[in-house]
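Step one of this worksheet: look at the structure below.
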Amino acid sequence: MAGQKDYRPIPDDYLLTVSGLSVGFQNGSRFSVAVDDLSIGLAADEILCLVGESGCGKSATALAVTRLLGKNGRVISGEVLFEGQNLTSMTEKELSGIRGRQIGVIFQNPSSSLNPVLPIGEQVSEALRIHYRLPRREAGAAAAELLRQVGIPSPAAARQYPHGFSGGMRQRAMIAMALACGPKLLIADEPTTALDVTLQASILRIFQTIRQSQHTAILFITHDLGVVAEIADRVLVMYAGELVEQADAFSLFARPSHPYTQMLLACAPGRAYEAELSEGPPYEASMREALSYEAPPREALPREALPREALPSATPPCEGPSREAPTLALADTAPASYDRLPGCRFFSRCPRRRAACQTTHPGWTELARGHLTRCPYSGEGSRGSDDDESGDESGRSGEGGRSGGDESGGEGDRSGRYDSGGDESGREKEGGAS
Amino acid sequence: MSRYIRRRLLICIPLLLGISLLNFIIVHLAPGDPADMLIRPGLAPEMIVLQKEAMGLGQPIWAQYGIWLKNILLGNWGYSYATHRPVIAMIGERVGPTFLLMGVSLLLSLLLAFPWGILSGLRQNSLGDRLSAGVCFTLFSTPGFFLGISLIYLFALKIPLFPPSGMYTLGGERGFLDVARHLALPAAALALPGAGVYTRYVRSCTLEVLSQDYPRGARAKGARTFRLLRVHMLRNMMITMVSVIGMEIPPLFCGAVVADRVFAWPGIGKLTMDAIAARDYPVLLGVNLIAAIIILLANLGTDLLYCWIDPRIRYSGKGEPPC
């Protein structure tokens, strides 16, 4: 965990700064950590995608930022700054003046996030009524206008109840609701997950339009990399409660560096992000590579030392619809109580793991300006030439000559937005590991 | 809407017929009959037979039911055996006080239960919540007559705040305040057990609504607790509460009968008890019929309220909307 402190975003440059955020949930007598020491900087006008599989802490992050975690959720440590105001230390009263007016939230499930007994129009304009004390009549007109903006032009729609709306319309209504006061920041938690592809596309267009016309910053949470390719400026990949890779969208798809990112890309169905890569380095290569990972030889790992969940399982981690199932003989789920693992959290599923990964928690490695990964060996996989990839499968896991540290060290030039204070410690770790 | 009400009212007719038949049978199956109540020492047995004939009790029970039903449909509810007054008039003068008592105690228990239950739900598992659970269970497991007598003892005898019985001060002017003072104890005795039940329901409704996603959605829009309660939660809670209240109307009516007895409240309950004691069949049948009508109307009212509150029910009907 020490490693992450090296790249704390500097508040001045961002609209929203999250630093060292840890979130936990109380389930009965068990307390589990969902987000661990997370730092994010989101600039005005930026669309930042937070990607990761279910249960990795994406939604918990979104809720913690607006302090809507609910009764059993708790922010353990960390700070959330929005335009210089500390949201974590605010009173509920001050906070409710910001929610809905400056920060809009779109929730994961539009069907249950809408009040079933209130007309849609009333719900859409509620933020206006709360923050600007708009009279009922004007609020009604505003609601109709907001609904029109998100593609529900019928003025009768505002008088309907949620159960009369289709899934896509409810999602649009949710978006209209979050946009009512023209917020500076929009947090969208899987807003397109429940929708079919055509609707998804039109909703993504809505987001792009908003960003262009209102300069709204968007924190977009999703597990769909196709959506990420479509919309993101910058991408954060999250795994087991912490960030494992962050880069601008282009670099991420062109050079996915963390083995988890590579796995996600390999699992993504379809080729939605090909356009993104039209001129970039070989996407096919990383795809093939991700598909052909094999577990390191068993003898290479001290077996007794493996945690139970790290033991190989028969199920492959993912199955693309049109491809052969990858031959990964690895754990198919993220570890359950990851906050107590001493080493790399991806260890149990990592095709590139080494013994050292189990004991040392990796810090950030900077591959390029603004492209950070939490895998010290990330230089190896994604950089080889096309020809090498196809033939050289079995040898990969054992190969360890070049460490990622060497490469990234050469680039030297750090993103101006990051505090480069403690990055020595990160590099030391890498050195030790290789 | 009006079509729905009309249909529901039509359904009430066979229901009422069934209820009245059952009532008739049960009342007549009870040992003893009105003629027996007239037995005095020295009365000739022939006189009793004659009296039975005169009362129409000599005929088979189904024939008696037929006659009674025909009379009811013609608007004749019969005459009391005991007072020889028309049943409809006797019930008419008692219905008012009973409705007053039922209405006020229902209102009281809801006024008590809603804030109490919501607070309890918002502070789930706190010390106050646990204590209030204990108080609620005590309240609704206390028998009405015991609670009534305790209230009289405490607030009429020990601390003479309220009159112990009756509806008006004898010889006093029958003003609003006078009635209110007399109403206090019986209404409280009737309201408190109800409040205990409602509080538990309100509490669980609060928790149910809070566990949904939309309160969080409302908070995300900047709504604070009061608005959340007023705009988002209350209406959703009412969906459940309306059916609970609807179910509690019959017990409330029964409670009113007991309260009449304990507090000498001049309501239908007192009339009923007297009629039972005197085997006064016409009065008893009339009271039962009125009770059945009240309860059926309460059910209809509940369903209409339900439709009004929950838009999903309002528009769910295929072909013909329920309301």
Report task. Taking A:Arg74 for its side chain and A:Val23 for its backbone only, find out whether a donor-acceptor pair lies under 3.5 Å. Result -> no
Report task. Can you label the angle between the B:Phe140 ring and the B:Phe137 ring as parallel, tilted or perpendicular, going by 30° and 60°? Result -> perpendicular
Query raised in the report: For the side chain of A:Lys58 and the backbone of A:Met238, is there at least one donor-acceptor N/O pair under 3.5 Å apart?
Result: no
Requested in this report: Name, in order of residue number, those residues of residues 86-100 of chain A that have a heavy atom at a distance of less than 4.5 Å from a heavy atom in chain B; otherwise write 'none'.
Outcome: A:Glu92, A:Lys93, A:Ser96, A:Arg99, A:Gly100
Query raised in the report: With no hydrogens and no angle check, do the side chains of B:His232 and B:Gln212 hold a donor and an acceptor under 3.5 Å apart?
Result: no
Query - Contact leader toward chain B among A:Gln123, A:His131, A:Glu126, where contacts are heavy-atom pairs under 4.5 Å - result: A:Glu126
**Report entry** From A:Ile187 atom CD1 to A:Ile218 atom CD1, the distance as rounded to the nearest 0.5 Å
**Finding:** 11.5 Å
Query raised in the report: For the candidates A:Arg101, A:Gln108, A:Lys71, which exhibits the highest count of non-hydrogen atom pairs separated by less than 4.5 Å from chain B?
Result: A:Lys71
Requested in this report: Using the side chain to side chain contact (heavy atoms under 4.5 Å, CB included) rule, pick out the option among A:Thr193, A:Ile106, A:Leu199 that qualifies with A:Gln171.
Outcome: A:Ile106
Requested in this report: Give a yes or no answer on whether the side chain of B:Ser105 reaches the backbone of B:Leu190 with a donor-acceptor pair at less than 3.5 Å.
Outcome: no
Requested in this report: Measure the spacing between CD1 of B:Ile290 and CD1 of B:Ile295 and express it to the nearest 0.5 Å.
Outcome: 11.5 Å
Query - Reported CD1-to-CG distance for the pair B:Ile239 and B:Leu234, which is rounded to 0.5 angstrom - result: 11.0 Å
Query raised in the report: Under 3.5 Å, side chain of A:Arg170 to main-chain N/O of A:Pro162, donor-acceptor pair present?
Result: yes
Query raised in the report: Any Lys/Arg nitrogen of A:Glu145 or A:Arg148 sitting under 4.0 Å from an Asp/Glu carboxylate oxygen of the other?
Result: yes
**Report entry** Under 4.5 Å from a heavy atom of chain A, the part of B:Val209 involved
**Finding:** neither
Query raised in the report: How about residues 109-122 of chain A versus chain B: which residues have heavy atoms under 4.5 Å apart?
Result: A:Asn109, A:Ser112, A:Ser113, A:Leu114, A:Asn115, A:Pro116, A:Val117, A:Leu118
Query raised in the report: What part of B:Arg216 is in contact with chain A, defined as an atom under 4.5 angstrom from a non-hydrogen atom: side chain, backbone, both or neither?
Result: both
